[in-house]
Amino acid sequence: MTTFLRLRGWATALAVSAGLLAVTGAAHAQQASITGRITDAGTGQGLTSARVLVTGTAYSTNSGPDGRFTIRPVNQGTYEVRVVLVGYESQKKTVTVAAGQAATVDFALVASPFQLEEIVTTATGEQRKVEVGNATATIKAAEVVETAQPQNLASLLQGRAAGVSIMQGSGTVGTGTRIRIRGVNSINLSNEPIIIVDGIRTDNSSSTSPFGSGLGTGGQQVSRLNDINPDDIENIEVVKGPSAATLYGPAAANGVVVVTTKKGKGGKTKWNFYTEQGRANDRGNYPDNWLWTRTTNGQVSAANPRCRLQDIAQGVCTESAAIKTTDNPLLSEETPFAPGWRMQYGANVAGGTESLNYFISGEFENEDGVFSMPAPEEARLLRQSGRTELRGDEITPSRQRRVNVRSNVTAQLSSTTQVQVNAGYLYGRLRLPVNDNSVLGTITSGYAGTGRRIVQTGTEAQFYPDGRPGWNTGFTNPGDAFQNLNDQDNERITGNATVTSRPLKWLNARALIGVDFVNLSERQNQRFNEGPNFADRRLGLNTLTEFRTYNYTAEGSATGTFQLTDGLVSKTTAGAQYLRGLAYFTQGSATQLGFGANVLRTGALAPTVSEGTNENATWGYFVEEQLSWKDRLFLTGALRRDQNSAYGGQFGAVTTPKASISYLLSEEGWFPRGDFLSNVRVRGAYGQSSLTPGVTTALAFFGTVTAVTPEGVGAGVNLSNFANSQLKPEVSTEYEGGIDLGLFKNRVNVEATYFYKKTTDALIARTLPASIGVPTTYTENIGSIRNKGFEWVVNAQILNGRDVAWDLGFSGSMTRNNVLSLGGVPPIIFNDPQQRHQEGYIAGSYWERKITGWQDGVNVGANSPIASWRSFCTAAAATQAIKADGIIAGCEVVVDTGFTETGSSFPLNEFAFNTGVSLLNNMFRVQALFDYRGNYRMANLTESFRCTSSQNCRELYDNTAPEAERLGLAARFFHPSATRYAYQEDGSFLRFRELAVTFNAPRDWARAITADRISVTLAGRNLGLWTDYTGVDPEVNGQGNANFSQRDFMTQPPVRYFTMRFNVGF
Amino acid sequence: MTNTAKERLMRLRPLLGLAAAALVAPLAGCSGFADDILEVNTPDIVTPDALNNATGAAALRSGAFGDFAFAYAGDNGGTEGMILTTGLVTDEFVNGDTFSTRQEPDQRNMDFNNGTLQGVFRNIQRARESARRARLALAALPSPNPVQIAEMLNLEAFSYVLIGEAYCGHVPFSEDKDGQVVSGDPLTTDQIMDVAIAKFDSALAGTTDATQLNLARIGKARAQLNKGQFAAAAATVQAVPTSFRYALNYSTSVGRTQNGVMVFSWVSFRWSDANNEGTNGLPYHTEPRSAARRQGQAFDAAIPLWLPLKYPDRATPITLADGIEARLIEAEAALRGGNSTSMLSILNALRSAPPSYAFTNGQALGQVTDPGTAVGRENLLFAERAYWMFGTSHRLGDLRRLVRQYNRGAETVFPTGVYVKGGNYGGNVNIPVPVDEQNNPKFKRESCVTGQA
């Protein structure tokens, strides 16, 4: 029955789409046409891919490879034809078409570095940017890929769109990224934008799946965003907020990343081959591990071996040179780091005829991470195992290997109807090392190791064959850590078919159906007698997890364009959309596998299995009306209404409106347009978008559990959730206004935007009294969050000569976030707990009790009102330590009694500066990108943990360490408050993100090998870092892609890449 | 009509057509179309209406057993239970972990914001609510099974006893009433025991099943002991044979069914058996009934790891109540009644002929002699209780009773002085009700005094 209903739903959705197409009617009888050629005014060469639009009608087309275009059929009449092409000033001409005749109109476009009339993709189709009342960021991905060589889609976006924050979790190859656009909108739901590829919704999970992952990486996760091959992308548009994203439907409140893949172009078939080769290096400046050993009669005290400054202050031990040792396993001879190699081989072909275009591509990519088995560890493992060589997965525990294939075909079925079929396939294999919050982690163990190497008898793992002592790590030697395998295989198919038709002069219709399918297989494995010696792991363990997710999109829309009066054009669009997301997982896990066996069924303990299902469906419809006055004033209004399977039973549908205005002031006759002020546009927009609750949040339900009753092991149930039949989506409302300026004949382009965004009905998980047990929370629509900010983009063509051209770009954003209301719920405290959602403050900000100073020899901490739960400042302990000795004792530290907000956990200020120089008619191109993030803090839990748990940080022993560090430690470890204040550091940084040098070989060189073009690019990434942050890198998150939780905790920092790309086109 | 007017009308015609098209979708929404295409599968969950039958009640009962066993012992290494947590606060276990939230109970310096303790409290409260929910479902069946209802009453009542012994004297008990949370009034330790006794009495009155009767008797007597009703407690357990034992079963199946006391020590090395902890602790390692084995270092690589031989396997059952406890209650009643001879006699009877289920590490237990002083006899009795009932969440209640009922100073019975990982022991003698309870408007943080036994 369910299947029937689903099929019925699909059939109905398609029927609606088809119905919208059905109004296409019969082809027009009169076969008149508009034809012409578009050329570069300077060179006379034909310009391909220019957009040709006929004002007040649905007529449009693109120019072919020689600049020629034809629009057919066209009704007789007089028309205004406009041509738009990136890099040129748009141009319009009037043409009169007689019945059954071809009217010719040619265009010679003048180059212009920046203009307002480029074409952007919106929810209702393509529009000129000038018609849209919102700020939209467009990234010409194809150009970026060839010149900057981003490793993945996230790095392609990084620093290229104002207001779009790309936060990578670590430098580990294959790990993910958090994207925040104009701040954070939701406390409870994901703040990730949705990803649209060629019109369909795709999996944008920032973890493996809705169920989490079967991998045990310690913290890092994978972003499905990075499955998309940058080499297949033509351009990316970032729709930043609800005012622009209304018509994208539910979950668009966080913004939309619209990816358009490359398409074929008519004319000569073009082949392109490329390879990229390069290396990655770990650049972490890891701190030394310290140990001053406490001795009694020359012997190390086993029970309490450390002689810390606090112990010296209490007279327990005394400082002497003999007791001081340091070690740095991560930078030692046994370092687990080695250069990683990155390689890419790809080819694509594009071409076609007037009726059929195609783009077909294929790519193989392999990147080894920067971890490799240290030679001494390899020797140790070989000796211990008796093997003659180690397996590849032991030697290289970090690797990503991918194969991408894409085929995009466009067929012109008739003069008015076009069908486009796009299909992408990815096969990926990712091997992830363990780090962050795991005792199995290599970096973790290096950070946590003791400050000296001790040969411990009976534990052979501590020895190397040459007799030298081993790491004496905090937890696990690298050799053992690398024997713990985390593999993820990924197959992904993204495909869609789109039919567009222009049956009538005034009507365009479009229907689309597509699916994004992800099939993941994860395996966590440790073989018998191998790997870290924790719990019963060395008896062998295996966890296999299978995930499948499907995202279906079906939609149809029709747009009618009418010239209502002279100068007034109406464009009306109506459409409907059906979205269905399905996610499933099954998992089997077994431990104590035994010798020689490596499969679930051999587990001595019964293998455990689990499964999960997560389904969600949305049905929505919309109507949009746009009026344009004399092609300079554009007014848009729209409504969208959505129903979703996750809404509470008593909640029906959500209606979201939008409205915008765009006014090209400089087109008015009275405007003093001149060389200085070339173009001026003012714009404003208002709109709403929603976020959908979790699929079962509205329901009361019990979960199944395995239980042992007096009768034996069986299934039982326990309460998991209380019902909320009133549950509805969160709604974000945004207002934005801005101005776009073209200065100095459009050689300088300025865009400035202010936005104000407010989320109401925000879902807040009200914490229930602990005495109810479980469930722990009850989710209600009671919160409110505000973001407001300012964004700007300044691009300038400083020099534009044939021999020397120089361009500059400076973009940025300043966002202010505030939790307006939690609906009366007390502050929500999480992550260690250092972060809070609290009314009147930044969502997820850091809080602590501030350290205000210290007084040598004065007991200022004993009377702290919070001393009751810590005993360090009890009279007995304090008396011994409180001396005017220059050593900061815990009770000498003054700490505020109340918590205060110390800063945002995500950057509030972001600036990007890029510049490029082209020499000798672009034979050489040098470009650089600097990336700044500021006004945020990072919890340096790595150092806090080292000082308090591993007890190996310098400031614990060395009184010449910076006073701020000793003070922070004393407050954290020896003060009653245990405040982490000093470890919530300013994370602001400036990074030299990219430097690329491209050599475009002279045409003669290319012709020598019968090619059209040859280029070579040398690129470096993450080349420099300027920051006051004392940890290894402020751009990490040990919590992976968590919604809010953020900390630096034993995390691999970003790596430095040097790559070379060789392109040849035929 | 003029040509111009006609043209205008022609221009408007498409607009009307589109407006009509735009109306199609909303109309479809009204016809049940949307309901059809928005239907989704949710096979992972069980809705409440599916439980209103015998099968559903049985599933709730199984769930209650699972929740109680989990809250009591913990699971396979992720979440600790009452035994492990109270064992840290007392002299039974020491913390071998790196988590400061597990060091706090061991150091008797607990913060009510402690997230780990939050889970422990919620889990025992969930066990209580699950047992109550299952009891109500069983009672609502057309042919209720009185034994199973008594069984659920006993689990519910034991939840109260465990909470009352471990937490401060200001503990609310909230309830789920038809899907709505009703915040509970905070109860003092005495009041908690009163509720437990009432539930044990209901169990006693509702069944003739010997197992459930004996379980209820021992539980009731334990609650009476906490209230200082020594003679009444002895009378309550008089009918319980020494051979009686009610244990919670564990398995090697999924993690939640495993003996968490075993896993946290033998498998994950995060708990280590204590020995003479903090000056006042008992020498458990050399005592057969709480014997431990040394095996390298604990998880934190800082303290030696001692493993409890009493719990060698993930499936080792854990006693909830047994005949030994019944006799020990009688022994204490004798001591309080001034009959130390009888107390010694009972203690030695147990030692000379331990029941078959008792763990003595294969060793014979010699006789104990009269220490000769009142304090010595109290120490002897409580030591015997500690050894016989090691690792069953009795010790914290006993130490608190020593303070409350025997006028001992807390620092003479709880671990005290210099803490092994730095600093000193704190002054907690019970566990604070966690911060989440502050969402209950009836709860007053200042009334939850962790320094008061």
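Naming convention: chains lettered A, B, ... in sequence-line order (proteins, then strands); numbering from 1 in each chain.
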Tell me, for [X] versus chain B, whether the close heavy atoms (under 4.5 Å) come from the side chain, the backbone, both or neither.
X	value
A:Y778	neither
A:N721	neither
A:V717	both
A:Q592	side chain
A:T618	backbone

Among the options [options], pick out the one with the most heavy-atom pairs lying under 4.5 Å from chain A.
options	result
B:L51, B:T42, B:V418	B:L51
B:P43, B:P441, B:P432	B:P43
B:S174, B:P172, B:G63	B:S174
B:V181, B:T101, B:D300	B:V181
B:G66, B:G451, B:A59	B:A59

Contact summary for [X] and [Y], nearest pair of heavy atoms:
X	Y	answer
B:N249	A:P710	ND2-CA, 4.3 Å
A:A700	B:P48	O-CD, 3.3 Å
A:A715	B:S62	O-CB, 3.4 Å
B:R122	A:P775	NH1-O, 4.1 Å
B:G179	A:F722	O-CD2, 3.4 Å
A:R580	B:I37	NH1-O, 3.1 Å

So which part of [X] gets closer than 4.5 Å to some heavy atom of chain A, the side chain, the backbone, both or neither?
X	result
B:E175	backbone
B:R314	side chain
B:S183	side chain
B:S130	side chain
B:Y246	side chain
B:Q118	side chain
B:Y250	backbone

If you count heavy-atom pairs within less than 4.5 Å of chain B, which of [options] leads?
options	answer
A:A535, A:S645, A:A617	A:A535
A:T706, A:T696, A:T709, A:V774	A:V774
A:P769, A:A707, A:P826	A:P769

Calculate, to the nearest 0.5 Å, the distance between atoms [atom1] and [atom2] belonging to [X] and [Y] respectively.
X	Y	atom1	atom2	answer
A:T613	B:N41	OG1	CG	7.5 Å
A:F475	B:T98	CZ	OG1	5.0 Å
B:N439	A:T776	CG	OG1	10.5 Å
B:D44	A:F702	CG	CZ	16.0 Å
A:I772	B:R126	CD1	CZ	12.0 Å

Checklist line | Pair B:Q125-A:S771, side-chain donor/acceptor within less than 3.5 Å | finding: no

Margin query: So that I can tick it off, tell me whether B:R61 and A:E711 are bridged by a salt bridge, with the cut-off set at under 4.0 angstrom between side-chain N and carboxylate O.
Written below: yes

Notebook entry, point to check: side chain to side chain contact (heavy atoms under 4.5 Å, CB included) with A:T591: which residues, sequence neighbours excluded?
Noted result: A:D536, A:L541, A:L605

Note to self: Tell me which one of A:V695, A:L699, A:T704 satisfies side chain to side chain contact (heavy atoms under 4.5 Å, CB included) with B:I45.
What the structure shows: A:L699

Notebook entry, point to check: Would you say B:D178 has more than 12 foreign heavy atoms packed within less than 6.0 Å of its CG?
Noted result: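 Result for CG/B:D178: open.
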
Check: Is any side-chain heavy atom of A:L719 less than 4.5 Å from a side-chain heavy atom of B:E129?
Finding: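 Result no, sub-4.5 Å side-chain heavy-atom pair not found.
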
Next item on the list: State which residues pass ring-ring contact (aromatic ring centres under 6.0 Å, His included) with B:F269; sequence neighbours excluded, sorted by chain then number.
Entry: none

